[in-house]
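Throughout, a chain's letter reflects where its sequence line sits, starting with A, and its residues are numbered from 1.
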There are 2 protein chains.
Amino acid sequence: MPSKVRKVSKEAVPARSARLTRGRAAPRKGAKEKWAERRAARREAILAAALDEFAERGFEGARLDDVARRAGIAKGTIYLYFADKETLFQELIRSALSPFVATIEAARSIDLPLRVVCDRLAGAFAREVLGTRRKDIVRLMISEGRRFPKIAKFYYEEVPKRAFAAVRALVRKGIERGEIVDDTLEKFPQLIISPALVAVVWDGLFDKYEPLDAEALLRAHFTLLFKAIERRTP
Amino acid sequence: MPSKVRKVSKEAVPARSARLTRGRAAPRKGAKEKWAERRAARREAILAAALDEFAERGFEGARLDDVARRAGIAKGTIYLYFADKETLFQELIRSALSPFVATIEAARSIDLPLRVVCDRLAGAFAREVLGTRRKDIVRLMISEGRRFPKIAKFYYEEVPKRAFAAVRALVRKGIERGEIVDDTLEKFPQLIISPALVAVVWDGLFDKYEPLDAEALLRAHFTLLFKAIERRTP
DNA sequence: TAATAATGACTGACTAGTCAGTCATTATAT
DNA sequence: ATATAATGACTGACTAGTCAGTCATTATTA
């Protein structure tokens, strides 16, 4: 860890981003719900700043002073929205996961050839995870998960458990339709996503030394995989 | 992070494991080299303690007071062997890697059918990495690597770069021999090891909720993989 | 006894979390 | 409409505690 003297990181500071001051002409709306909206917006701002900070320094290394600076607020304000550092971290993971789970559940019921579903998922993963801050969430889980059993459990229930249930359902359907003949993936659904994990880890660790085309990797993976499992048509 | 008050962790303290005091009757040996030996042994003890501590708490979370306690020495002693915390971490990775690299290099020149080599490597990985503290080194690299570019680069040069060179050599040999017909793995050697990475990450993160038989996973992986790439014998 | 190794109390920089006080906004009274 | 009061979001200086790294002292060895 660059034990350098810590830079005072003025970065990304939208200089005192003002209080929760309304900017737009007030539409028909009770004062109460306007405040609720503003609180929600500020909460989001803190979470966004926290993602930057935690992704950059890890849980222990992250400083709430810097989260506050990134969000353009005072440190005390964070504690009006989150009980403590750990709760902030937990809520960060939780909030990032909820939209993702929906995507997973949706995949279960797609009614297309398995091969097509897989190719679409590969694209979606490259676009929606590797191409966004979500990859940082995955990385944070990998890096910090062991030290936060509660969060790890929550993550397990929300992501791999659901994702693997979806994989199993899709594989079963593929077998019933006669598209594929091998049920290994029902036993080890991990085998379908493992190159995706490699892509997440590789990126930002070795990418500088040997760039990796994640989407091509996933495509190659599925090409090999389907050669192995699909009905042979010689 | 269990923000509990930090337990004073008396754990694993081999109660004052004595100074560098010789225990055994002195054999024929110059005083100089005896000292060198003892220094080396103490160095190892510190590194072992450091592995425990870093693996448990991560780089930022690790306390050198605890490393010292685990090693049964005083904190100041650590500084007689390592310049600072970061150097200790770096040397930990470095020392754990050197024996491992030899294994990788050895694999290149094995002269057996590719399938057999792969099965052996799967077993070796399960035994020598997943079954030992080495998996903690891999995990540490995954977790902390981004924050230590120098160490990440070193790791890259010593492990994936060499390992993938070996994979490429083996694949080429397999093709020349007519054992396999697909060169995807030359382009993406990551595909051969990705389930191993999954196994490392899964273990100690989700293992409690859904145990994973790593060796079975790797065997299933190679079975599928070879179905896809080996010469078809219908 | 001299030289070297080890110790552990200590320092100083750093940070999670607190809280008394400020001030923009909203509600109420005139 | 204007003045006054109430609200509660926000602030930032402060506390209490942590921990990497130092060094004067003590122990061991030759």
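Partners of Lys161(B) by salt bridge (charged side-chain N to carboxylate O under 4.0 Å, His left out), not counting sequence neighbours, listed by chain and number: Glu157(B).
With rounding to whole Å, Arg69(B) atom CZ is found 15 Å from dT7(C) atom C1'. For Leu88(B) and dG21(D), the CG to C1' distance is 13 Å, given to the nearest whole Å. Atom CD in Glu86(B) sits roughly 14 Å away from atom C1' in dG21(D) (whole-Å rounding). Rounded to whole Å, atom P of dC10(D) lies 12 Å from atom CZ of Phe82(A).
Comparing the local axis fitted to the first five base pairs of the helix from dT1(C)-dA30(D) to dT30(C)-dA1(D) with the one fitted to its last five gives a bend of 10°, rounded to 10°.
Within 6.0 Å of CZ in Arg133(B) there are more than 12 heavy atoms belonging to other residues, nucleotides or ligands.
Within 3.5 Å, no donor on the side chain of Lys85(B) pairs with an acceptor on the base of dG21(D), nor the reverse.
Within the 4.0 angstrom heavy-atom criterion, base atoms lie near Leu80(A).
Taking 4.0 angstrom as the limit, Thr77(B) places a side-chain polar atom (N or O) nearer than this to OP1 or OP2 of dT7(C). A sub-4.0 Å separation between OP1 or OP2 of dA5(C) and a side-chain N or O of Arg42(B) is absent.
Considering only the side chain of Tyr79(A), dA16(C) comes nearest among dG21(D), dA16(C), dT15(C). Side-chain atoms of Arg63(A) lie closest to dA16(C) of the nucleotides dA16(C), dT7(C), dT11(D). The nucleotide whose nearest atom lies closest to any side-chain atom of Tyr81(A) is, among dA9(D), dT11(D), dA16(C), dA9(D). Of all nucleotides listed (dT11(D), dG17(C), dG21(D)), dT11(D) comes nearest to the side chain of Ile73(A).
The backbone N or O of Glu91(B) lies less than 3.5 Å from a partner atom in the side chain of Ser95(B), making a donor-acceptor pair. A donor-acceptor contact shorter than 3.5 Å links the side chain of Glu144(A) to the backbone of Phe59(A).
Aromatic ring orientation, Phe54(A) versus Phe89(A): perpendicular (interplanar angle above 60°, classes split at 30° and 60°).
Within the structure, salt bridge (charged side-chain N to carboxylate O under 4.0 Å, His left out) contacts touching residues 187-207 of chain A (residues at least two apart or in different chains) are Arg139(A)-Asp203(A).
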